[in-house]
Amino acid sequence: MRVGLKDNIAVAGVPLTCGSRLPGDHVPARDAVVVERLLAAGAAIVAKLNLEDLALSGGGETSAFGPVLNPHDRGRTASGSSGGSAAALAYDGVDLTLGTDQGGSIRLPASWCGVVGLKPSYGLVPYTGIAGLDPALDHVGPLAASVELVARGLEAIAGPHPSDPRQPCDLPGGGYVAAVERAADDLRGVRLGVVVEGAPRERPDGEDASISDAYAEALERLRGAGAELVAVALPEHREGAALMFAQLVEGIGAALDGIDTGTAAAGWLDEGLAEAVGRGRRRPATLPPTAVALLLLARHARSLAGGALAARARNRGPALREAYDRALAGVDALVLPTSTQLPHRLAPDAPLADHVLRGWGMTANTAPTDVTGHPAVSLPLAEAAGLPVGVMLVGRRLEDCRLLGLARTVERAVGWRPPLPRIAGAGAGAGAGA
């Protein structure tokens, strides 16, 4: 398989940019664990892929190397921060990509680009050798044009590794490809919980009004394939994005101060990257506006309450996790739209504040599961105005096999729309902004 990697994932001897000028000429001396595993499984690494500057936005337009363009409409963005990992799948020379996800950064680009994107259960895949934002939120996972290819990617990279102490001791033993191969052909007997609080809410500009109709149509197609749909009230869902953001502000502030650029305090840290970040901090012009805003927020929060804000947010995480567990107790998966916005139109002349703020405004449905650690997969089940509208399935923690099997059944019974454009070429180049 030909694999592209988000360029915050270390490949020995290849420059690591993080979509930014900040790391300068940093070249990792060793592969990330996921790269070691991909190569051992026979993969060919064919591309390093563009991302938001320091992975600090979901808008698709902040990279130091230019915006990531949407393959369905190159006047729009691919979302982020793993935008290149989604857009590159339109190339016929890329089978599988890896992205990272702290607030939706795998699933949002998957939704806007019309591909499959999986955020695995927290800790299922070791994060060692990947530039992170906060050890409690960092996830890495696969994107592809089909569930079968996503399962093959997860099979290669998942499992325990001694370098990452965040991983739980009761990790499952694989079986993702087998679960997909056993998947049923229809959804009879499947019970899906439609999260009431995740329903699309129309924006004042009215552009995204069609998302509600597209999502409703996707639900009807699931029902038509045999699924039983039940409404699930999950009021705690609404505070998930705020909990994520409060933690992330503190985590990013620490990372940019050089306190932690690895997986966790007890894990392996990339000394070279820490040095590169330190050098970059001495060149203020290399800091993107998103980083400046987050650093100011971190300083402000500390001046008001020390670390209490982040601590309060982290302490509320277990209650959100338990609420998701309760909601999942009576259903096979939860369902909600991945994003309630259509892909952003390119707006190079928009005010700076708009660029920063609109890159943080689409995480309401994706961020909660970064806090709770539940696996979640975005599937290209709908379209609005010819653009993809992703629908997300959320499964029980560490039951990624079951979730992928269900996703494969949905793929068989309902199918994807709209079709992913195909771009000829040996790999991911600048043509699609990948």
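The analysis underlying the following values was restricted to heavy atoms, covering all of them including side chains, and did not include hydrogens, waters or symmetry mates.
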Going through the distances and angles, do Arg76 and Leu69 end up as a side-chain contact (heavy atoms from CB on, under 4.5 Å)? CA-CA 6 Å; Arg76 297 176 182 262; Leu69 308 184; over 6 Å; no

Apply side-chain contact (heavy atoms from CB on, under 4.5 Å) to Tyr122 and Val371, showing your working. CA-CA 9 Å; Tyr122 178 75; Val371 176; over 6 Å; no

Can you list the steps and then say if Asn365 with Ser339 is a side-chain hydrogen bond (donor to acceptor under 3.5 Å, both in side chains)? CA-CA 7 Å; Asn365 283 346; Ser339 171; over 6 Å; no

Evaluation steps, ring pair (Phe, Tyr, Trp, His ring centres under 6.0 Å), between Trp112 and His72: CA-CA 9 Å; Trp112 284 11; His72 294 267; over 10 Å; no

Please determine whether salt bridge (charged side-chain N to carboxylate O under 4.0 Å, His left out) holds for the pair Asp370 and Arg107, giving the CA-CA distance in whole Å, both sets of side-chain angles, and the decisive distance to 0.1 Å. CA-CA 11 Å; Asp370 285 288; Arg107 293 158 290 159; 2.8 Å; yes

Start with the C-alpha gap between Leu39 and Val35, add the side-chain angles, then the distance that decides, and say whether side-chain contact (heavy atoms from CB on, under 4.5 Å) holds. CA-CA 6 Å; Leu39 294 173; Val35 175; 3.9 Å; yes

Apply side-chain contact (heavy atoms from CB on, under 4.5 Å) to residues Leu320 and Leu243 and explain how you reach the verdict. CA-CA 9 Å; Leu320 181 62; Leu243 296 182; 4.2 Å; yes

Test side-chain hydrogen bond (donor to acceptor under 3.5 Å, both in side chains) applied to Glu52 and Ser63, step by step: CA-CA 4 Å; Glu52 299 294 85; Ser63 171; over 6 Å; no

Glu181/Arg408 under salt bridge (charged side-chain N to carboxylate O under 4.0 Å, His left out): CA gap, chis, key distance, verdict: CA-CA 8 Å; Glu181 291 174 344; Arg408 174 58 176 146; over 6 Å; no

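Using a distance-only test at 3.5 Å, with no hydrogens or angles considered, a donor-acceptor pair links the side chain of Ser82 to the main chain of Ser105. The backbone N or O of Val33 lies less than 3.5 Å from no partner atom in the side chain of Thr128, so there is not a single donor-acceptor pair. Using modelled atom types, no side-chain atom of Gln247 and backbone atom of Ala310 make a donor-acceptor pair closer than 3.5 Å. For the pair Arg166 (side chain) and Pro135 (backbone), a donor-acceptor distance under 3.5 Å is present. Judged purely by atom type and a 3.5 angstrom limit, Ser85 uses its side chain to pair as donor or acceptor with the backbone of Leu98. In terms of modelled atom types and a separation under 3.5 Å, the side chain of Gln341 and the main chain of Gly361 share a donor-acceptor contact. Glu411 places no side-chain N or O within donor-acceptor distance of the main-chain N or O of Ser146, the cut-off being under 3.5 Å.
In this structure, CG on Leu192 lies 11.5 Å from CG on Leu336, to the nearest 0.5 angstrom. Taken from CG in Asn8 to CG in Leu54, the straight-line distance is 10.0 Å, to the nearest 0.5 Å. Between the OG atom of Ser111 and the CG atom of Leu387 there is a distance of 10.5 Å, given to the nearest 0.5 Å. Once rounded to the nearest 0.5 Å, the distance linking CG of Leu51 with CG of Leu5 reads 11.5 Å. We find the CZ-CG distance between Phe245 and Leu309 to be 10.5 Å, quoted to the nearest 0.5 Å. To the nearest 0.5 Å, the span separating CG on Leu49 from CG on Asp7 amounts to 8.0 Å.
For the residue pair Lys6 and Ser81, a side-chain donor N or O sits within less than 3.5 Å of a side-chain acceptor on the partner. A donor-acceptor contact closer than 3.5 angstrom links the side chains of Asp138 and Gln102. Checked by atom type, the side-chain pair Tyr127/His139 shows no donor-acceptor distance below 3.5 Å. Looking at Ser20 and Asp53, their side chains do bring a donor and an acceptor atom within 3.5 Å of each other. Side-chain contact annotation: Asp400 with Ser121, donor-acceptor N/O pair under 3.5 Å present.
Residue Arg402 qualifies as enclosed at atom CZ: its count of foreign heavy atoms under 6.0 Å is above 12. Counting non-hydrogen atoms of other residues, nucleotides and ligands closer than 6.0 Å to CZ of Arg221 gives a total above 12. Heavy-atom neighbours of Arg188 CZ from other residues, nucleotides or ligands within 6.0 Å: at or below the threshold of 12.
Val125 and Pro120 make their closest contact through CG2-CG, 4.1 Å (heavy atoms, listed as atom of the first residue, atom of the second, distance). Of all non-hydrogen atoms in Gly198 and Thr340, the two that sit nearest each other are O-CG2, 4.3 Å. Taking every heavy atom of both residues into account, Ala407 and Val377 meet most closely at CB-CG1, 4.3 Å. Between Gly80 and Leu108, the shortest heavy-atom distance links the atoms O-CB, 4.2 Å. Minimum interatomic distance between Leu219 and Val335 (heavy atoms only, all atoms of both residues): CD2-CG1, 3.9 Å. Across every non-hydrogen atom of Ile106 and Pro142, the tightest pair is CG2-O, 4.4 Å.
Counting only heavy atoms from C-beta outward, the side chains of Ile45 and Val14 never approach each other to under 4.5 Å. Inter-residue side-chain proximity for Thr409 and Asp186 is flagged as unmet; no heavy-atom pair is nearer than 4.5 Å. No side-chain heavy atom of Val232 sits less than 4.5 Å from a side-chain heavy atom of Val194. Residues Arg397 and Leu328 fail the side-chain proximity criterion, which asks for heavy atoms closer than 4.5 Å. The shortest distance between side-chain heavy atoms of Tyr215 and Thr338 does not fall below 4.5 Å. Contact of the Val331 side chain with the Val230 side chain is registered, since non-hydrogen atoms from C-beta on lie closer than 4.5 Å. Proximity of Leu393 to Asp332: side-chain heavy atoms (C-beta onward) are nowhere separated by under 4.5 Å. Looking only at side-chain heavy atoms (C-beta outward), Asp95 and Val3 stay at 4.5 Å or farther from each other.
Screening Leu379, Leu89, Leu143, Leu404 against Val116 for a side-chain contact (heavy atoms from CB on, under 4.5 Å) leaves a single residue, Leu379. Tested against Tyr324 for a side-chain hydrogen bond (donor to acceptor under 3.5 Å, both in side chains), the candidates His237, His374, Glu236 yield a single pass: His237.
Salt-bridge annotation for Glu217 and Arg417: present, with a side-chain N of the basic residue lying under 4.0 Å from a carboxylate O of the acidic one. Using a 4.0 Å cut-off between a side-chain N of Lys or Arg and a carboxylate O of Asp or Glu, Glu228 and Arg191 qualify as a salt bridge. Asp101 and Lys119 are not joined by a salt bridge, as no carboxylate oxygen comes within less than 4.0 angstrom of a charged side-chain nitrogen. A salt bridge is absent between Asp92 and Arg422; no separation between the charged side-chain nitrogens and carboxylate oxygens falls under 4.0 Å. Salt-bridge check for Arg30 with Asp270: failed, with every basic side-chain N at 4.0 Å or more from each acidic carboxylate O. Ionic pairing of Glu61 and Arg358 is present here: one or more N-O contacts between side-chain nitrogen and carboxylate oxygen are shorter than 4.0 angstrom.
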